[in-house]
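Notes to accompany the following structure.
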Amino acid sequence: MAQGQPIFILPEGTNRSVGRDAQRNNILAGKVLAETVRTTLGPKGMDKMLVDGLGDIVVTNDGVTILKEMDIEHPAAKMLVEVAKTQEDEVGDGTTTAVIIAGELLKKSENLLDSDIHPTIIAMGYRKAAEKAQEILDEIAIDEVDSETLLKVAMTAMTGKGTEAAREPLAKLIVDAVEAVEDNGEVDIDNIKIEKKDGAVVEESTLVEGVIVDKERVHPGMPSEINGAKIALVNAPLEVKETEMDAEITITDPAQMQAFIEQEEKMVKDMVDKVVAAGANVLFAQKGIDDLAQHYLSKAGVLAVRRVKKSDIEKLSRATGANVVTNLDDLTADDLGDAGIVEERKISGEDMIFVEECSGAKSVTLFVRGSTKHIVDEIVRAIEDAIGVVAATVEDDKVVAGGGAPEIAMAKKLKDYAITQNPFLEENN
């Protein structure tokens, strides 16, 4: 039986390209993406204003932010976005550079394909070059990394990202934050919380050796400032428990109703008494705090905050040494954390809780200020990049010069290496 043409059943509106057309299509997608972010690179890089489907505006020159905000459909272009995201996750910065270099390599591969060189040969050459580039980097890297070097690294990472005016003070805060959470050469950047608030100049940004919680105390009768704080972290509601099944209670006498209400009140008071008996004068609850519980806590002079995010509870635990308790019956004095001061402060018209002076804090907060919401958002993006780079430098204990110098050095040495790999080039050199 003669073999016929294969039949492809594809959805309506599908474009199918094969062979050289598909190659060119994929290369073009990479080149277009690289061209989009190319103008944001370097000290003279320009910002992009992006508007999403809901009309929200983002002003940034951070490569990965631009690529995330763009609505990209092309599969090859999506792969380049993944390159940027991986770079962001692993290093924190260099996303624009990664995309531009990938786009440029695709551009060069097009010339090689036109010369009838097989794609697998090109890919093999790029892999060899990548291995050699790693060797060159190890050769030119400086092994001695001190605080002064880390400051320069942080400033380089923030260059051209809207933080020019306050680069030095911000870099100092970033290095101090990374050094505070560093543990045996390892840096968990999740231990550095970034809290932002507009309405002030960038220079007013500060580093808090502790945690800032964007919440307010639950009752105005509670103290707004507590020195020598003993902190309880509770992952349980201070509320009357609902029955797990629908229940109906028949009351035949008003006295029974009163006894029922009194019993509920007693349950709430017992919960508060357990907190006070443990010696806590500050309470952070991940869940709700009943109005009645607020009253009793206020009478006991306890500063309480409710519905605190799980991530904030974890950071408070690392900063103060407190254990997160899921059952109030288990709360003891050993579970409490310590802080020099816990205070509610009004920042730009909003109340925030500052937990400061934590001895040996392994969790710190960078409180970032900026004149407007868009400016403070871009400063936060620049700070996140710089934190990632400084943390990677601390962990690797190696650094290379910035400003494109290592890229030029690698390009020169790779050119020499290419000649040794190809005798024909050596003869014609």
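Only this structure's heavy atoms are used, side chains among them; waters, hydrogens and symmetry mates stay out.
- A salt bridge is absent between Glu378 and Lys373: the closest approach of a Lys/Arg side-chain nitrogen to an acidic carboxylate oxygen does not fall below 4.0 angstrom.
- With hydrogens and angles left out, the side-chain atoms of Arg369 and Thr206 include no donor and acceptor closer than 3.5 Å.
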request  = Step by step, work out the side chain to side chain donor-acceptor pair (under 3.5 Å) result for Asp335 and Thr332.
outcome  = CA-CA 6 Å; Asp335 295 315; Thr332 65; 3.3 Å; yes
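- Salt bridge status for Lys172 with Asp176: present, with a side-chain N to carboxylate O gap under 4.0 Å.
- In the displayed structure, Glu407 atom CD is contacted under 6.0 Å by more than 12 heavy atoms of other residues, nucleotides or ligands.
- Between Glu139 and Lys413 a salt bridge is recorded (basic side-chain N to carboxylate O distance below 4.0 Å).
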request  = Please step through side chain to side chain donor-acceptor pair (under 3.5 Å) for the pair Thr36 and Lys48, ending with a clear verdict.
outcome  = CA-CA 10 Å; Thr36 306; Lys48 299 256 185 259; over 6 Å; no
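- The closest side-chain heavy-atom distance from Val400 to Ile142 is not below 4.5 Å.
- Annotation: side chain to side chain donor-acceptor pair (under 3.5 Å) contacts of Asp330 (sequence neighbours excluded): none.
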Taking only distance into account, with no hydrogens and no angle test, what donor-acceptor pairs under 3.5 Å do side-chain atoms of residues 100-112 form with protein atoms, sequence neighbours excluded?
{"unit_1": "Ser109", "atom_1": "OG", "unit_2": "Leu106", "atom_2": "O", "d": "2.5"}
{"unit_1": "Glu110", "atom_1": "OE1", "unit_2": "Lys31", "atom_2": "NZ", "d": "3.0"}

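- Between Thr393 and the options Val175, Val187, Val153, a side-chain contact (heavy atoms from CB on, under 4.5 Å) holds for only Val153.
- Looking at residues two or more places apart in sequence or on another chain, you find a side-chain contact (heavy atoms from CB on, under 4.5 Å) between Pro119 and Gln23, Leu113.
- Ion pair Asp62/Arg381 not flagged as a salt bridge, since none of the NZ, NE, NH1 or NH2 atoms sits closer than 4.0 Å to an Asp/Glu carboxylate oxygen.
- Judged by distance alone, the side chain of Thr365 and the main-chain N or O of Gly210 form a donor-acceptor pair under 3.5 Å.
- Atom-to-atom distance recorded for Glu69:CD and Asp56:CG is 9.0 Å, nearest 0.5 angstrom.
- Distance alone, capped at 3.5 Å, places no donor-acceptor pair between the Ser317 side chain and the Asn323 backbone.
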Criterion side chain to side chain donor-acceptor pair (under 3.5 Å) on Ser147 and Glu179, from CA distance to verdict = CA-CA 9 Å; Ser147 295; Glu179 287 180 340; 2.8 Å; yes
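- Formation of a donor-acceptor pair under 3.5 Å by the Ser363 side chain with backbone atoms of Asn191 is found in this model.
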Would you list the atom pairs, donor with acceptor, under 3.5 Å between side chains in residues 288-302 and any protein atom, with sequence neighbours excluded?
{"unit_1": "Asp290", "atom_1": "OD1", "unit_2": "Leu292", "atom_2": "N", "d": "2.9"}
{"unit_1": "Gln294", "atom_1": "NE2", "unit_2": "Ile289", "atom_2": "O", "d": "3.1"}
{"unit_1": "Ser298", "atom_1": "OG", "unit_2": "Gly221", "atom_2": "O", "d": "3.4"}

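- Using a cutoff of 4.0 Å between basic side-chain nitrogens and carboxylate oxygens, Asp138 and Lys398 are scored as salt-bridged.
- Electrostatic pairing of Glu135 and Lys132 counts as a salt bridge here, judged by a charged N lying under 4.0 Å from a carboxylate O.
- Inter-residue side-chain proximity for Met352 and Lys215 is flagged as unmet; no heavy-atom pair is nearer than 4.5 Å.
- Between the side chains of Thr159 and Arg167, at least one donor N or O sits under 3.5 Å from an acceptor N or O.
- A search for side-chain contact (heavy atoms from CB on, under 4.5 Å) contacts involving Asn235 returns Gln286, Lys287, Val324, Thr326, not counting sequence neighbours.
- When the shell of 6.0 Å around CD of Glu82 is examined, it contains more than 12 heavy atoms from other residues, nucleotides or ligands.
- Ion pairing of Glu35 with Arg38 is present here, as a side-chain N (NZ or NE/NH1/NH2) and a carboxylate O approach within less than 4.0 Å.
- Judged by distance alone, the side chains of Thr149 and Asp146 do bring a donor and an acceptor atom under 3.5 Å apart.
- Counting all heavy atoms, side chain and backbone alike, Asp93 lies closest to Gln87 at O-NE2, 2.9 Å.
- Contact of the Met410 side chain with the Leu137 side chain is registered, since non-hydrogen atoms from C-beta on lie closer than 4.5 Å.
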message = Please determine whether side chain to side chain donor-acceptor pair (under 3.5 Å) holds for the pair His118 and Thr120, giving the CA-CA distance in whole Å, both sets of side-chain angles, and the decisive distance to 0.1 Å.
response = CA-CA 6 Å; His118 199 276; Thr120 53; 2.8 Å; yes
Under 3.5 Å, which donor-acceptor pairs link side chains of residues 194-203 to any protein atom two or more places apart or in another chain?
{"unit_1": "Glu195", "atom_1": "OE1", "unit_2": "Lys193", "atom_2": "NZ", "d": "2.7"}
{"unit_1": "Lys196", "atom_1": "NZ", "unit_2": "Asp377", "atom_2": "OD1", "d": "2.7"}
{"unit_1": "Lys197", "atom_1": "NZ", "unit_2": "Glu350", "atom_2": "OE1", "d": "2.9"}

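- Using a 4.5 Å cut-off on side-chain heavy atoms (C-beta onward), Leu238 and Leu328 make contact.
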